[in-house]
Amino acid sequence: MQLDLNLLTALDALLEEGSVAGAADRLHVTAPAMSRSLGRIRKATGDQILVRTGRSMVPTTRALAMRAEVHALVQAAHRLLSAQQEIDLASLERVFTVRWHDTLTAACGTALTAAVHRQAPGVRLRLAAEPGTDDPGLRRGEVDLESSSNQPALPDIRHRLVGRDRLIVAVRPGHPLTEGALSPERYAAAEHLTVSRRGNLHDPLDGALGALGLERRVVASGPTAAFALQLALGSDLVVTIPDVVTRAARDQLGLVTLPLPISLPDVSLYLLWHQRYDDDRAHTWLRDLATETIRALFAPPGRRDEGDEGDEGDEGGDAGGVPA
């Protein structure tokens with residue numbers, strides 16, 4: 001049987017008011033229209049619902065039994081179909097999967113986790129490692145927030161620019177490159193280590209060197225920046241990585257930072273999410289908190305305690321990301 005669910009609203013009003021006239025006034029319809037709705041309800045339920053006793057109407061036994069459930073259903077429907085209300089972070093319970101580049105997780109993961117737990121104790125974070133191949137986790141709903149050095153090509157993937165980094169050179173203390181000026185020629189002649197989830201032995205640096213007639217020798221590739229920095233500390237290998245997101249790790253290991261001796265564009269850092277979450281209040285809170293956490297990392301030293309409230313140019317903002 002196909003039922004007009006609008007009858008639930010009428011039934012709720014009839015049971016609350018106990019009269020056709022009262023229910024009509026409550027729903028701003030005429031008494032004849034409400035009387036017709038009562039007739040349809042009686043036909044659908046096989047019950048009189050309201051029966052006349054003297055000058056008033058009283059609910060039947062079945063009507064009394066269903067009154068609380070009918071009211072709950074109507075209220076649930078209103079909540080489901082009405083505009084989203086402000087979320088209560090103190091009572092929010094949800095699991096978010098955040099898949100960031102390992103350098104970003106190392107630099108900001110602790111701060112983000114602490115901020116999330118402080119504001120919404122019932123929220124749990126999964127900080128997942130990036131896969132070695134392109135993965136449609138955002139589109140499948142398996143990943144809530146992702147980092148990238150490139151803007152997404154797919155129209156249903158939203159993006160937000162959260163920072164720009166520059167490439168630097170990291171070597172062990174006492175490395176031969178720390179003595180004297182670092183020229184492109186000296187840089188290219190050293191033995192290098194690349195950072196690549198896919199195990200690539202070449203990256204855009206090789207194209208820039210090739211334009212100068214130079215070629216470097218890459219002797220190894222590591223899956224994470226943490227691995228590459230450890231290897232650089234114990235060898236003469238040179239690793240070229242983004243500056244800001246690896247600064248704390250380099251300082252902790254005591255590595256020496258040198259300027260990259262060739263000109264390359266800054267590395268952009270984007271947050272990505274699927275458009276299904278555009279109007280999700282909890283997801284909006286998470287991505288805004290992640291944005292605030294990351295931009296604080298990129299803020300000038302004097303402003304890091306305050307955070308960076310500047311927009312820094314979203315390049316399309318929430319409309320719809322560096323080294324992979």
Side-chain angles (χ1 to χ4, degrees), residues 86-131 135 137-138 141-150 152 157-165 195 197 223-226 229 241-252 267-274 276-278 280-301 303-314 317-318 320-324:
E86 292 298 324
I87 59 171
D88 180 10
L89 294 178
S91 61
L92 179 63
E93 292 188 5
R94 188 157 164 181
V95 177
F96 288 105
T97 299
V98 175
R99 190 166 68 189
W100 283 354
H101 191 276
D102 71 285
T103 56
L104 187 60
T105 299
C108 296
T110 299
L112 178 64
T113 302
V116 166
H117 186 66
R118 182 172 61 252
Q119 296 185 25
V123 169
R124 292 179 291 168
L125 280 185
R126 275 196 296 249
L127 296 173
E130 291 182 305
D135 180 84
L138 284 175
E142 299 168 356
V143 176
D144 293 285
L145 204 57
E146 193 167 87
S147 68
S148 177
S149 59
N150 302 301
I157 303 300
R158 307 305 199 206
H159 68 279
R160 175 185 292 173
L161 179 67
V162 291
R164 290 190 177 95
D165 212 341
V195 180
R197 293 169 298 154
T224 67
L229 292 174
I241 48 178
D243 178 23
V244 175
V245 294
T246 64
R247 184 177 295 151
R250 298 194 320 269
D251 291 347
Q252 186 176 19
V267 176
S268 297
L269 177 60
Y270 294 93
L271 288 182
L272 310 181
W273 66 94
H274 193 270
R276 67 167 63 88
Y277 297 123
D278 282 351
D280 184 319
R281 297 295 179 89
H283 194 281
T284 299
W285 162 76
L286 176 68
R287 62 180 183 259
D288 286 348
L289 187 59
T291 299
E292 178 184 339
T293 302
I294 296 170
R295 285 183 174 167
L297 182 70
F298 282 86
R303 294 186 59 196
R304 282 181 193 155
D305 291 338
E306 306 170 11
D308 186 1
E309 298 299 329
D311 200 6
E312 201 175 335
D314 275 4
D318 295 357
V322 293

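Nothing here was measured: the structure is a model prediction, and the numbers come from that model.
Around atom CZ of Arg124, no more than 12 heavy atoms belonging to other residues, nucleotides or ligands sit under 6.0 Å away.
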May I have the list of side-chain donor-acceptor pairs in residues 111-121 shorter than 3.5 Å, sequence neighbours left out?
| unit_1 | atom_1 | unit_2 | atom_2 | d |
| --- | --- | --- | --- | --- |
| Thr113 | OG1 | Gly109 | O | 2.8 |
| Gln119 | OE1 | Trp285 | NE1 | 2.9 |

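For the atom pair Asp251 CG and Thr246 OG1, the distance stands at 9.0 Å (nearest 0.5 Å). Note: Ile157 CD1 to Leu138 CG = 5.0 Å, rounded to the nearest 0.5 Å. Once rounded to the nearest 0.5 Å, the distance linking CG of Leu297 with CG of Leu269 reads 9.0 Å.
Residues Asp288 and Arg160 form a side-chain contact, since some pair of their non-hydrogen atoms from C-beta on lies under 4.5 Å apart. Using a 4.5 Å heavy-atom threshold, the side chains of Leu125 and Leu286 count as touching. Side chains of Arg164 and Ser268 form a contact here, defined as non-hydrogen atoms less than 4.5 Å apart. At least one side-chain heavy atom of Leu271 sits less than 4.5 Å from a side-chain heavy atom of Ile294.
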Let me see the working for Val195 and Thr103 under side chain to side chain contact (heavy atoms under 4.5 Å, CB included), right down to the final yes or no. CA-CA 11 Å; Val195 180; Thr103 56; over 6 Å; no
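Taking each heavy atom of Arg295 and Leu161 in turn, the nearest pair found is NH2-O, 2.7 Å. Across every non-hydrogen atom of Trp100 and Ala290, the tightest pair is CZ2-CB, 3.9 Å. The heavy-atom pair separating Pro152 from Leu272 by the smallest distance is CD-CD2, 3.7 Å.
Counting only distance, with no hydrogens or angles, the side chain of Ser147 and the backbone of His101 share a donor-acceptor pair below 3.5 Å.
Listed by chain and number, the residues in a ring pair (Phe, Tyr, Trp, His ring centres under 6.0 Å) with Tyr277 are His283 (sequence neighbours excluded). Applying the side-chain contact (heavy atoms from CB on, under 4.5 Å) criterion to Thr110, with sequence neighbours excluded, gives no partner residue. Contacts of Thr97 classified as side-chain hydrogen bond (donor to acceptor under 3.5 Å, both in side chains), with partners at least two apart in sequence or in another chain: Arg126. Legend: residues meeting salt bridge (charged side-chain N to carboxylate O under 4.0 Å, His left out) with Asp243, ordered by chain and number and at least two apart, are Arg166, Arg247, Arg250.
The list of salt bridge (Lys or Arg N to Asp or Glu O under 4.0 Å) pairs with a residue in residues 88-111, not counting sequence neighbours, reads Arg94-Asp280, Arg99-Asp135, Arg99-Glu146.
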